[in-house]
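Here is the structure we will look at, set down as structure tokens.
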Number of protein chains: 2
Amino acid sequence: MRLSCISNFGYTFVMNIESLLKKKNIKVTTARVALLKLLEAASKPVCYEEIKGRIAMDKATFYRNMITFEEAGILNAFESHSKMRYFELGHTPHAHFVCTACNGVECIESIDVQLPGYEIGTIVIHGRCRSCVEAGV
Amino acid sequence: MRLSCISNFGYTFVMNIESLLKKKNIKVTTARVALLKLLEAASKPVCYEEIKGRIAMDKATFYRNMITFEEAGILNAFESHSKMRYFELGHTPHAHFVCTACNGVECIESIDVQLPGYEIGTIVIHGRCRSCVEAGV
DNA sequence: GTTTTAAATGCAACCAAGTTGCATTTGTTA
DNA sequence: TAACAAATGCAACTTGGTTGCATTTAAAAC
């Protein structure tokens, strides 16, 4: 299994993912390495719909691994409008914008919300994104 | 129909709802008056689950009227975590907090988010609410 | 290197919030 | 009061996500 990963994604990268999983006591499997590789390469949060076209994987496996990653603290999840869950590797906390016109999802780094006494997880802003506003969609 | 409303909710209130609907060219029905009365009385956004225990109404009728009210601009909607849509009468724009521990929904008036070029609809903040943080839930 | 065993995967059946089609009822207008 | 368009209720459907279970796979023991 490791050999095929090496040929696909390069040695260094695989080692990082493997050591991350091992550090979190999560078994290293083909599916998990492929998922983390794809999430790492993505510049935006992704949903199962987007992933299934690029990795052959049952949705049960996908969602179960997302839960595993989330519980290990290496992944953030949120829901767009219309019931779809989006996932991204967890780095600096930031908000997300979901466009109700084009369904696009963007990371928003520029806002900072404080709510004393509350523990803030994810922030989702719905509306029309800049492109759709400009295009009058 | 109007008589029963009067006895239940009082004359003035019914007249306000009726005139609101007429102004928006929405037909005045028993279901709509009951829904708007309940939404007006609620201090928080409500979902179908909460409403069906208090008004006998098919869910198709409920959701269709929510769409009607939303399109008329008298209602705001957003989704909690776990796929449920919440509705509230549309007054001053504000954010909502959804607690992932107790599933409670709160209005947050104190934050103000600006995103130049974007058109912001609803803002949903997920996390643990003050009560749950204090209780260590 | 082989065996063992606990966990991960894939499949299919399931779940539930929300939607749709259609026959019946209700509100409005003539 | 009659006629018509719109609203309602019911039941069937849609769909993103979950669950149960038999099979496969990774990692530890030998």
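Residues meeting the side chain to side chain contact (heavy atoms under 4.5 Å, CB included) test with A:S131, sequence neighbours left out: A:C129. Evaluation of the ring pair (Phe, Tyr, Trp, His ring centres under 6.0 Å) rule for A:H81 yields no partner, not counting sequence neighbours. Taking A:F97 as the reference, B:Y118 meet the ring pair (Phe, Tyr, Trp, His ring centres under 6.0 Å) condition, with sequence neighbours excluded. With sequence neighbours left out, A:E79 forms a side-chain hydrogen bond (donor to acceptor under 3.5 Å, both in side chains) with A:R85. With sequence neighbours left out, the side-chain hydrogen bond (donor to acceptor under 3.5 Å, both in side chains) criterion links B:E134 to no other residue. Considering only residues two or more places apart in sequence or on other chains, A:E119 meets the side-chain hydrogen bond (donor to acceptor under 3.5 Å, both in side chains) condition with B:R128.
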With the criterion being N/O to N/O and under 3.5 Å, what pairs connect the protein with nucleotides 28-30 of chain D, and how long is each?
none

Give me, pair by pair, the N or O atoms of the protein and of nucleotides 22-24 of chain D that are less than 3.5 Å apart, along with how far apart they are.
none

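For the pair B:T30 and C:dG27, the criterion of a side-chain N or O lying under 4.0 Å from OP1 or OP2 is met. Here B:T61 reaches the OP1 or OP2 of D:dG9: one of its side-chain N or O atoms lies under 4.0 Å away. Between B:T29 and D:dT8 there is a side-chain polar atom (N or O) within less than 4.0 angstrom of OP1 or OP2.
Atom C1' of nucleotide D:dT8 and atom CD1 of B:I55 are separated by 14 Å, given to the nearest angstrom. Note: CG (B:L35) to P (D:dA7) measures 13 Å, nearest angstrom. For the pair B:M66 CE and C:dA17 P, the interatomic distance rounds to 17 Å; values are reported in whole Å. Residue B:M57 contributes atom CE, which lies 18 Å from atom P of C:dT25 at whole-angstrom precision. In this structure, CD1 of A:I26 is placed 16 Å from C1' of C:dT9, rounded to the nearest angstrom. Put simply, CZ on B:F62 is 17 Å from C1' on C:dT20, counting in whole angstrom units. A straight line from CZ of B:R32 to P of D:dG9 spans 11 Å, rounded to a whole angstrom. Atom NZ in B:K22 sits about 13 Å away from atom C1' in C:dT29, given to the nearest Å.
In this structure, CD1 in B:I55 is found 11.0 Å from OG1 in B:T30, a value given to the nearest 0.5 Å.
Here salt bridge (Lys or Arg N to Asp or Glu O under 4.0 Å) pairs that include residues 102-111 of chain A, with residues two or more places apart or in two chains, number zero. Legend: side-chain hydrogen bond (donor to acceptor under 3.5 Å, both in side chains) pairs involving residues 41-65 of chain A, not counting sequence neighbours, sorted by first then second residue: A:R32-A:N65.
Cluster annotation: B:V98 and B:V133 are assigned to distinct hydrophobic clusters (Ile/Leu/Val/Met/Phe/Trp/Tyr, side-chain heavy-atom contacts under 4.5 Å, transitive). Taking hydrophobic clusters as Ile, Leu, Val, Met, Phe, Trp and Tyr residues chained together by side-chain heavy-atom distances below 4.5 Å, B:V46 shares a cluster with B:M57.
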### Task
Dump the intermediate steps for side-chain contact (heavy atoms from CB on, under 4.5 Å) on A:H126 and B:I123, then the final yes or no.
CA-CA 6 Å; A:H126 302 261; B:I123 299 176; over 6 Å; no
### Task
Would you sort out whether A:L36 and A:F69 count as a side-chain contact (heavy atoms from CB on, under 4.5 Å), showing the intermediate values?
CA-CA 9 Å; A:L36 289 176; A:F69 294 158; 3.7 Å; yes
### Where protein sits on nucleotides 13-19 of chain D, one letter per nucleotide: B base, S sugar-phosphate only, - none, heavy atoms under 4.0 Å
---SBBB
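A donor-acceptor pair under 3.5 Å is formed between the side chain of A:T100 and the backbone N or O of A:G127.
Only at 4.0 angstrom or more do the heavy atoms of residues 98-106 of chain B sit from any atom of DNA chain C, so none qualifies.
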